[in-house]
Amino acid sequence: MMKRRICILGSTGSIGTQALQVIEEHEDLFEAYVLTAGSNAGLLIRQARRFLPCAVVIADESKYSEVREALSDMPIQVYAGSEALCQVVAMEPVDMVLTALVGFSGLRPTIAAIRARKPIALANKETLVVAGELVTALCRKHDVPLLPVDSEHSAIFQSLMGEESPIEKIILTASGGPFRTFSSDDMRNVTAAQALKHPNWDMGAKITIDSASMMNKGFEVIEAKWLFDVDADRIQVVVHPQSIVHSAVQFSDGAVKAQLGAPDMRVPIQLAMSYPVRLASSFPRIDWWDMQALTFERPDMNRFPCLEMAYEAIRLGGNAPCVVNAANEVVNLAFRQGQCGFLQMADVISECLARIEHIDTPVLEDYLETDRLTRAAASELIKLSL
Ligand code: NDP
Ligand code: MG
């Protein structure tokens, strides 16, 4: 494998820092060529001093001089602002872009990277939730690979290696999150602190809340639809609390292929970065003698209406998933800040879906506008209920 120069969008986050651990394991094969952060200047500076990238971006422009001064003794270009994200992805030496930003903010830099014909290691699933049709069409047009980082999608991708036969069904596993066994009544008064304690995965705050509401699994259904070109009614969510079976594919002869492993995001991150090669790693292995029973349950759409809403949005198509994503970003943050109840999140999203005008075949401008209008509507709805 030739050395790959990676641009990590969101290097200070959960996925970004784990990607840097992968690079540390294989410094002969990977180079952190660009690192970017939202506002965590301190960590970005430490990462830059350790990994010596060619360029760094701090999206929060008020932190620009802090970063520039801290790195002034080093040959590192320092940029600020979200426009800069769209420029660094296209730098000539970059071989791959890992999109580990959170939320809608990943859309425009990802599109810029695809237009610059950079292979994408995709962690930022919201990009496909919001504009999966546009993004996958652009990848086909520019012949750009979209390599999944999300553990379930990596498992599906791995199950499809060497297969040319059609997919009958995708089995998308879900841990069920911290409230898997809670009744709706129990969930009414849960706090952000409770929701932030995920049983199996240590992730960023936004996706951890999405996992608790199962919105995350709904988004993953949409993500799988676009990545693997399979309709949502052939994507079956199965709750598997141990998170050992990362997902599976069923073929037309009834055979099912799954990928298993210890829950550790560095494995799918590394595979996306090294594909088609598998590299050795020191990450934890399954201990078969110590393994608990593997169990499987039907998801309860009544207790987890966000999952149902994602299916509904993808059935509606057009800008509907973009509405759900934008409303969810607003309620997710409001819940973390104690301004929105756990069950109220689904109500606000549902109300936004009813209110925002449907656009059947949106272009990029429509997505930007839908995102803006939905955020305003969701904020208004939360304010009214306070
Ligand atoms: P984190 O919140 O931990 O990290 C997000 C990163 O993006 C940080 O570097 C953050 O910078 C940066 N960022 C946030 N907002 C902006 C913005 N507006 N402009 C520029 N940069 C921004 O998230 P995760 O790493 O958990 O998740 C990243 C993506 O990967 C998400 O889409 C998530 O769904 C997906 N994913 C994550 C998994 C996980 O295990 N964490 C598993 C599967 C998918 P700063 O630190 O300065 O705020
Ligand atoms: Mg996942």
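Along the sequence shown, residues are numbered consecutively beginning with 1. Predicted model only: the values in this text are computed from it and were never measured. Both counts, for ligands and for their atoms, begin at 1 and track the order of listing.
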Tell me how many protein N, O or S atoms are closer than 2.8 Å to the Mg ion (ligand 2).
->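 Of the protein's nitrogen, oxygen and sulfur atoms, 3 lie under 2.8 Å from the Mg ion (ligand 2).
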
In the single-linkage hydrophobic clustering (I, L, V, M, F, W, Y; side-chain heavy atoms under 4.5 Å), do Ile156 and Met161 co-cluster?
-> yes

What is the distance from atom [atom1] of [X] to atom [atom2] of [Y], rounded to the nearest 0.5 Å?
{"X": "Met96", "Y": "Met273", "atom1": "CE", "atom2": "CE", "value": "8.0 Å"}
{"X": "Arg49", "Y": "Asp73", "atom1": "CZ", "atom2": "CG", "value": "4.5 Å"}
{"X": "Asn40", "Y": "Asp60", "atom1": "CG", "atom2": "CG", "value": "10.5 Å"}
{"X": "Cys306", "Y": "Met345", "atom1": "SG", "atom2": "CE", "value": "6.5 Å"}
{"X": "Leu333", "Y": "Phe335", "atom1": "CG", "atom2": "CZ", "value": "11.5 Å"}
{"X": "Arg266", "Y": "Gln18", "atom1": "CZ", "atom2": "CD", "value": "6.5 Å"}

Numbered atoms of ligand 1 (with element) below 4.0 Å of [X], judged on heavy atoms:
{"X": "Gly13", "answer": "1 (P), 3 (O), 4 (O), 8 (C), 9 (O), 25 (O)"}
{"X": "Glu126", "answer": "31 (C), 32 (O), 34 (O)"}
{"X": "Met203", "answer": "39 (C), 40 (O), 41 (N)"}
{"X": "Asn124", "answer": "32 (O)"}
{"X": "Leu101", "answer": "7 (O), 20 (C), 21 (N), 22 (C), 28 (C), 29 (C), 31 (C), 32 (O)"}
{"X": "Ala59", "answer": "19 (N), 20 (C)"}
{"X": "Ala123", "answer": "30 (O), 32 (O), 35 (C), 36 (N), 44 (C)"}

For [atom], closest protein heavy-atom neighbour:
{"atom": "atom 15 (N) of ligand 1", "answer": "Val102 CG1, 3.8 Å"}
{"atom": "atom 2 (O) of ligand 1", "answer": "Gly204 CA, 4.2 Å"}
{"atom": "atom 16 (C) of ligand 1", "answer": "Ser105 OG, 4.0 Å"}
{"atom": "atom 33 (C) of ligand 1", "answer": "Ile207 CD1, 3.9 Å"}

Between Phe342 and Phe179, does the ring centroid distance fall short of 6.0 Å?
-> yes

Could you tell me if the ring centre of Phe157 sits under 6.0 Å from that of Tyr275?
-> yes

Less than 3.5 Å between some nitrogen or oxygen of [X] and one of ligand 1, yes or no?
{"X": "Gly38", "result": "yes"}
{"X": "Ile15", "result": "yes"}
{"X": "Asp150", "result": "no"}
{"X": "Gly16", "result": "no"}

Polar side-chain atom of Ser247 near backbone of Thr173 as donor-acceptor pair, under 3.5 Å |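 Flag set: sc Ser247 to bb Thr173 pair under 3.5 Å.
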
Under 3.5 Å, side chain of His240 to main-chain N/O of Glu297, donor-acceptor pair present?
-> no

Sorted by chain and residue number, the side-chain hydrogen bond (donor to acceptor under 3.5 Å, both in side chains) partners of Arg4 (sequence neighbours excluded) come out as none

Is there a heavy atom of Lys125 sitting under 4.0 angstrom from any atom of ligand 1?
->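 It does, in that a heavy atom of Lys125 comes within the 4.0 Å cut-off of ligand 1.
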
Examine the side chains of Gln344 and Arg188 and answer whether a donor and an acceptor come within less than 3.5 Å of each other.
->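 Arg188 and Gln344 do not have a side-chain donor-acceptor pair below 3.5 Å.
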
Judged on heavy-atom distance to [atom], which of [options] sits nearest?
{"atom": "atom 41 (N) of ligand 1", "options": "Pro109, Ser14, Ser11", "value": "Ser14"}
{"atom": "atom 8 (C) of ligand 1", "options": "Val129, Val57, Thr17, Thr12", "value": "Thr12"}
{"atom": "atom 47 (O) of ligand 1", "options": "Ala41, Ala100, Gly42, Ser39", "value": "Ser39"}

Check the pair Ser175 / His198 against side-chain hydrogen bond (donor to acceptor under 3.5 Å, both in side chains), numbers first and verdict last.
-> CA-CA 9 Å; Ser175 72; His198 194 279; 3.2 Å; yes

Is the shortest distance from a Lys or Arg side-chain nitrogen in Lys125 or Glu220 to a carboxylate oxygen in the other one below 4.0 Å?
->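 Looking at Lys125 and Glu220, the cut-off is met.
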
